[in-house]
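Okay, structure first, notes after.
Lettering of chains follows the sequences in order, A, B, ..., and the numbering in each one begins at 1.
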Amino acid sequence: MSGKYPEYKHLNLAQINQDILEFWKNDESFKKSITSREGAPGFVFYEGPPSANGKPGIHHVMARAIKDIFCRFKTLQGYQVNRKAGWDTHGLPVELGVEKELGITKEDIGKSISIEEYNEACKKAVMRYTDIWNDLTEKMGYWVDMDDPYITYKPKYMESVWWLLKQMWEKDLIYKGYTIQPYSPKAGTGLSSHELNMPGSYRDVKDTSAIAQFIAQKDAKFQAVFGDAVADDDQVYYIAWTTTPWTLPSNTALTVGPKIEYQMVDSYNPYTGIRQKVVLAKNLVSKYFKPEGAELDMEAYKLGDKVAPWRVVWEGHGRDLENLRYEQLLDWAQPYEGAENAFRIILGDFVTTEDGTGIVHTAPTFGADDAKVAREANPPVPPMLVLDENDNPVPLVDLQGRFREGIGPFGGWYVKNEYYADGEAPDKSVDVEISIQLKERNQAFKVEKYNHSYPHCWRTDKPVLYYPLDSWFIRVSAEKEKMVSLNKTINWKPKSTGEGRFGNWLENANDWNLSRSRYWGIPLPIWSTEDGSERRIFGSVAELKTACDEAVAKGLMEKHPFADFKEGDMSEENYNQVDLHRHVVDDIVLVSESGKPMRREADLIDVWFDSGSMPYAQWHYPFENKEQIDQLTPADFIAEGVDQTRGWFYTLHAISSLVFDRVAYKNVVSNGLVLDKNGAKMSKRLGNAVDPFTTIEKYGSDPVRWYMISNASPWDNLKFDLAGVEEVKRRFFGTLYNTYSFFALYANIDGFEYDAEKETEWSNRPELDRWILSRLQELIRTVEQHFNDYEPTKAARAIEYFVDEELSNWYVRLNRRRFWKGEMSEDKQMAYETLFYCLRSLAQMISPIAPFFADRLYQDLNPGKAESVHISKWPALAEDAIDSHLNERMAMARNLTSMVLSLRKKERIRVRQPLQKIMVPALSDEKAELLASIKDILLAEVNVKELEILREVEGVLVKSIKPDFKKLGPRFGKHMKQVAAAIREFDQAQISALENEGHYELEINGEMQSIEASDVEIHTEDIPGWLVMSENKLTVALDIHIDEDLKSEGMARELVNRIQNLRKDSGLEVTDRIEVQLLEDAALKEALTKNQDYVKTEVLADSISWKSEDFEGEEIDFEDVKSKLSLRKSH
RNA sequence: AGUCCCGUAGCUCAGCUGGUUAGAGCGCUACACUGAUAAUGUAGAGGUCCGCAGUUCAAGUCUGCGCGGGACUACCA
């Protein structure tokens, strides 16, 4: 029979995946889901751009499922959700990949390969896997506009980035400074952190380390801190440790930990024997002073004694020492500016007392921490920079790693012996020479060889230098507070990431180092004269073109690359002739106001700035779409992995805060990692990576998505296990599919067709229908709320429960007869309508998470319409259909059913065997009524003849009493235990008294206390002499006596079962009528005489006949019966 | 090193603002059902809620200190 509602043999989600994809393509469903919302309020979503130079993994399915869910949900709710795909195309990984492929290194670029060729190679490489990405996007059912993506290397995109940068420039947020970076003097290049992390980079080396003594200045502040501990003629030193003595001439500060405890110790210098007082961390005193020394006579020491006497003369905290001054250790040079703020003690949280002295030698030119802490001090501590012949500030050590000529006694010496050519290194390194000098001048407390691991350049094998290199910065720290307060308005999922990880990060935000000395990226649009006195930034191609024209007119260039660019023409043709990458703009020489040539600052912009610009750059703002920008920003919703907290989430927030003074996004979901099933990180190397394509091909996208979402909250890490996908497929999709199949099978037989016009009033439907509709409404409300709260897991779980427990396992199971008995009737019609409505609503509710199966289901339920579920409107909530009283009743029925079945189970009485009676006690009229109302359902489910509701007047009930801790706890506090014990001791009479009078007087600690009836829970747990079960305040007793009638009936049912089985095995249609033959059996015959009609109706038998002699048939054997059965179709 | 997440049954996870028998699914064992049937149901076993200390009448839940797993960021003077 071919019916209206499609029927299937099996559930094949992979096939559905393909079919629905095909449908979406032909139907242009994605486009429709947007155009059908034209004019509706928008829901703004930003797609974080992936980099397509690597293949996508299963974790991308997770991240994109989350994005997809909320975009689809909002569409259902009626919003218009535009979403543009994007590609992140610049950056180091791309360049490294290309270098590897071409077999070149960074040095070759511009030499053996032109920058233009190199950039061309990068451009190709970066889009290499675009097709694979698009393929996955499509197959996993992630709806995003891939036809018109934003691409960060396109001129329009780059132009918007320039514009943004210029806005910051005009707010004085861009400056040139320096950062301390790993630098290889031999290679003459800075090293990226990834180069430093290459295996073998860190090696154990033995260096000369020194604890230097810095002479304390005895000014007024000094007196105030140390007072009597120091006499006028005492020599006082702050002592600090370093493994790089060559940085000591560049020292401009000492750093102490504010909370660390320090002591001043009176003792002697081990090298000179001079009496002195030194300050160091309390924890470390015992490391440098032997305990015996504390006992020795202070005066009785001479140079060379093994143990020096010592005494602690002062104790305080690091914060007490702040801003104390000291004399410069080696006065080879002075900072060219701010020298008055140098040589003082500052505070830093990074200080530890693990090793050293708890006072850290701080040379801001050669240490990253040093630079930071010096910059943050108030007033800032200047770095040791001097002016070179061109009056540019430079550190004491040049780019080759040598002390500058004229700086101290070691001008021209390399700071490390490793930097000399073979055989040319001096006997003693600078480190050693300096240490010797210090010893001689009573400025060394301790000098020794020290073993530590130190990074080496992977190309030259020489140790790395931490060196100040020029960089361009965004002054993020200046806008810190704005960023922090804006962040508080963002709804983070999970909250802790926003408040904790992200919030803390913002509070401690450093200036953003924009500079990258690479080739493939967006060039800094800043041109400078050689001395840096004149600079200009460009915020558009047009501006640059005008400046180029000027330069050509002045004769600085012959021609320029933007000659044909037409200002104001936004066409693709116009922009396609423009390229803003390095190989083009580096050749541009401009003219400054004073007529000097200006060249571009060599660096590229950090790629994170690219992606953080996407809210504007994807629309070529402000050159195009200027008016709509208020509708396009900020985003209502974004989502990415938690690893983007300090990446994309941060750059979006920073750029938006700095340029627009507002948030970039209102709601953000940061999902956790996808690990393998054992909780290990997935990696291709370990072979535990799950391939998204084969997985989707095998299972379809829906169960994968459902599993990922329902298993745990997205922000928890997911231990991805295919067994979990199987389970979801079976338990959830299997059940839902079965429910649909059941519906389709009978709806087709009866020719049911859903017609909204003729639908029966819900309030007129039978109780079970009203119940499931009521529960469905609650579900709609719950699911909608969870989706609105960005809690997809809770939504999925609520749906799972409804489908499995309530719809399939209760509603359908209890209603089967309504569907399969007799001709079409009004009752049947209502059953179909109810089930239909549940299924269709479910299709809509699951569609954000399981878009394929949902669409299949939805379309199957609306035959001939061919409209995607994703274009439909979220089911309207019918509040008034929610009947909480009914829900409660049904919950009770389900409870009781399960209890009775459990009792039967214990007694090994099968459900087919009817029983006479169950009894349920009811202590109140209310409960008695409840019970009466579910009587029919209950009895039918558990196959029992009657329900007796026991009222307490009958005197058989044994009551038990339990205190309500929540009520009594706050009232009795400490005495709660006593009260609880007293209440538990109540006998039946006391319980009755409390019930009848509404309160009971109790003596607690000699005081009379009144217990109200509402302070306790009273229920029954036992009915003497019966088989009883008690659970959840419900008690049920079962009569397990089986008389002859019951037994016969049980046997009849047993027989029905066998006949039905045989019918099915014989391949008969559900509607065929039959004739039954049985081999004579006394017990069976006896049972059948009473139940013949019942059996006949059940199995659609026209006749049942008895045979006395043996015949071909099915052996049947149960209880006392041994017989044979055969049947044939009636004619 | 800092910040954040996680730690509850063999596995994957619930457990709301603290309230007295700590739950579900899977797996295991047993049984049942059989016109939704390559489906389903019921029951049983299985827990020192990572540890220690504290707050409280009461802690899986709050606080502190640890331990273990993970992520990010930074660095080693």
Side-chain angles (χ1 to χ4, degrees), chain A residues 9-11 193 209 240-244 247 255 348-352 354-357 359-363 366-370 372 452-454 494 496-497 499-505 508 510 641-647 672-673 675 677 679-681 707 710-713 715-719 721 723-724 726-727 730-731 734-735 737-743 745-746 793-794 797 800-801 804 808-809 812-813 816 819-820 898 901-902 904-906 908 910-912 962-970 972-980 1031 1057 1060-1061 1063-1064 1068-1070 1099:
Chain A
K9 283 220 158 54
H10 308 295
L11 172 63
S193 57
S209 74
W241 180 58
T242 179
T243 53
T244 51
T247 62
T255 308
D349 287 326
F350 66 94
V351 180
T352 67
E354 301 278 305
D355 39 29
T357 62
I359 301 179
V360 176
H361 147 58
T362 304
F366 299 114
D369 263 344
D370 304 37
K372 179 165 181 269
H452 62 151
S453 88
Y454 194 86
S496 59
T497 299
E499 282 174 1
R501 192 186 280 206
F502 195 68
N504 292 337
W505 171 254
N508 301 313
N510 293 327
V642 68
D643 50 337
Q644 294 296 328
T645 309
R646 279 140 193 190
L673 307 173
L675 308 168
K677 63 179 174 187
K681 208 171 174 172
Y707 163 68
S710 66
N711 185 66
S713 288
W715 30 90
D716 288 335
N717 290 345
L718 173 69
K719 292 179 193 166
D721 189 352
E726 297 264 14
E727 187 187 326
R730 210 160 29 85
R731 214 181 81 245
T735 306
Y737 158 80
N738 267 326
T739 308
Y740 168 78
S741 301
F742 175 84
F743 166 81
L745 175 65
Y746 291 104
T793 308
K794 288 183 178 169
R797 285 176 178 169
E800 273 177 6
Y801 180 82
D804 191 31
S808 167
N809 197 25
V812 173
R813 193 156 58 88
R816 275 177 295 188
F819 291 95
W820 78 54
S898 121
L901 290 174
S902 171
R904 293 187 82 116
K905 162 90 197 157
K906 273 187 190 134
R908 299 184 165 270
R910 49 187 52 173
V911 180
R912 258 198 299 262
K962 210 169 84 176
D964 184 338
F965 282 86
K966 216 164 184 168
K967 280 210 177 108
L968 294 172
F972 288 103
K974 271 186 203 112
H975 305 299
M976 188 58 217
K977 272 188 184 137
Q978 251 177 297
V979 176
E1031 214 179 74
N1057 166 238
Q1060 298 286 34
N1061 282 344
R1063 276 188 66 122
K1064 206 169 86 189
L1068 291 172
E1069 287 295 326
V1070 177
V1099 303

Shortest side-chain distance from Lys719(A), nucleotide among rU12(B), rU17(B), rA77(B): rU12(B)
Phosphate OP1/OP2 of rC13(B) contacted by Asn711(A) side-chain N/O (<4.0 Å): yes
Spacing of Trp241(A) atom CH2 relative to rA77(B) atom C1', expressed in whole Å: 7 Å
Close side-chain approach of Phe366(A) to Thr244(A), heavy-atom, < 4.5 Å: no
Length of the line joining Asp716(A):CG and rU8(B):C1', which is rounded to integer Å: 14 Å
First of Ala712(A) and Val812(A) reached from the 5' end of RNA chain B, by closest nucleotide: Ala712(A)
First of Glu727(A) and Thr243(A) reached from the 5' end of RNA chain B, by closest nucleotide: Glu727(A)
Sugar-phosphate, base or nothing in reach of Asn738(A), heavy atoms under 4.0 Å: base
Spacing of Asp721(A) atom CG relative to rG27(B) atom P, expressed in whole Å: 12 Å
Phosphate OP1/OP2 of rA36(B): any Arg816(A) side-chain N/O under 4.0 Å: yes
Separation between the P atoms of rU17(B) and rU63(B), rounded to whole Å: 12 Å
Side chain of Leu673(A) (C-beta onward), nearest among rA77(B), rC26(B), rA71(B): rA71(B)
Under 3.5 Å: donor-acceptor pair, side chain of Ser713(A), backbone of Trp715(A): no
Check: Leu718(A) and Tyr707(A) side chains under 4.5 Å, non-hydrogen atoms: yes
Interatomic distance at P, rC26(B) relative to rA43(B), whole Å: 13 Å
Asp804(A) CG to rA14(B) P, straight-line distance once rounded to whole Å: 19 Å
Sidechain-backbone polar pair: Asn717(A) side chain, Gly672(A) backbone, donor-acceptor under 3.5 Å: no
N/O (side chain, Thr497(A)) to phosphate O (OP1/OP2, rC4(B)) under 4.0 Å: no
Sugar-phosphate, base or nothing in reach of Ser808(A), heavy atoms under 4.0 Å: base
His361(A) (side chain) and rA77(B) (base): donor-acceptor pair under 3.5 Å: no
Closest to side chain of Arg731(A), choosing from rG70(B), rA77(B), rC26(B): rC26(B)
Whole-Å distance separating the CD atom of Glu726(A) from the P atom of rC26(B): 14 Å
Sugar-phosphate, base or nothing in reach of Arg797(A), heavy atoms under 4.0 Å: sugar-phosphate
Touch class at under 4.0 angstrom, heavy-atom based, for Ser741(A) against every strand present: nothing
Check: Arg797(A) side chain, Asn711(A) main-chain N or O, donor-acceptor pair, under 3.5 Å: yes
Distance between P atoms of rU56(B) and rG51(B) (Å, rounded): 22 Å
rC28(B): pairing nucleotide in any strand, Watson-Crick or G-U under 3.5 angstrom: rG44(B)
Plane angle bin for Phe819(A) and Tyr746(A) - parallel if under 30°, tilted between 30 and 60°, otherwise perpendicular: tilted
Distance, rounded to the nearest Å, where Trp505(A) contributes CH2 and rC72(B) contributes C1': 9 Å
Sugar-phosphate only, base, or nothing, as touched by Lys9(A) at under 4.0 Å among non-hydrogen atoms: nothing
Distance, rounded to the nearest Å, where Tyr801(A) contributes OH and rA24(B) contributes C1': 10 Å
Identity of whatever pairs with rG64(B) - Watson-Crick or G-U, under 3.5 angstrom: rC52(B)
Rounded interatomic separation in angstrom, taking CZ from Arg813(A) and P from rU37(B): 16 Å
Pairwise C1' distance for rA58(B) and rC13(B), with rounding to whole Å: 27 Å
Closest contact, heavy atoms only, Thr243(A) versus Ser209(A): CA-CB, 4.0 Å
Integer angstrom distance from the P of rG70(B) to that of rC28(B): 30 Å
Any strand: nucleotide that pairs with rU3(B) via Watson-Crick or wobble, under 3.5 Å: rA71(B)
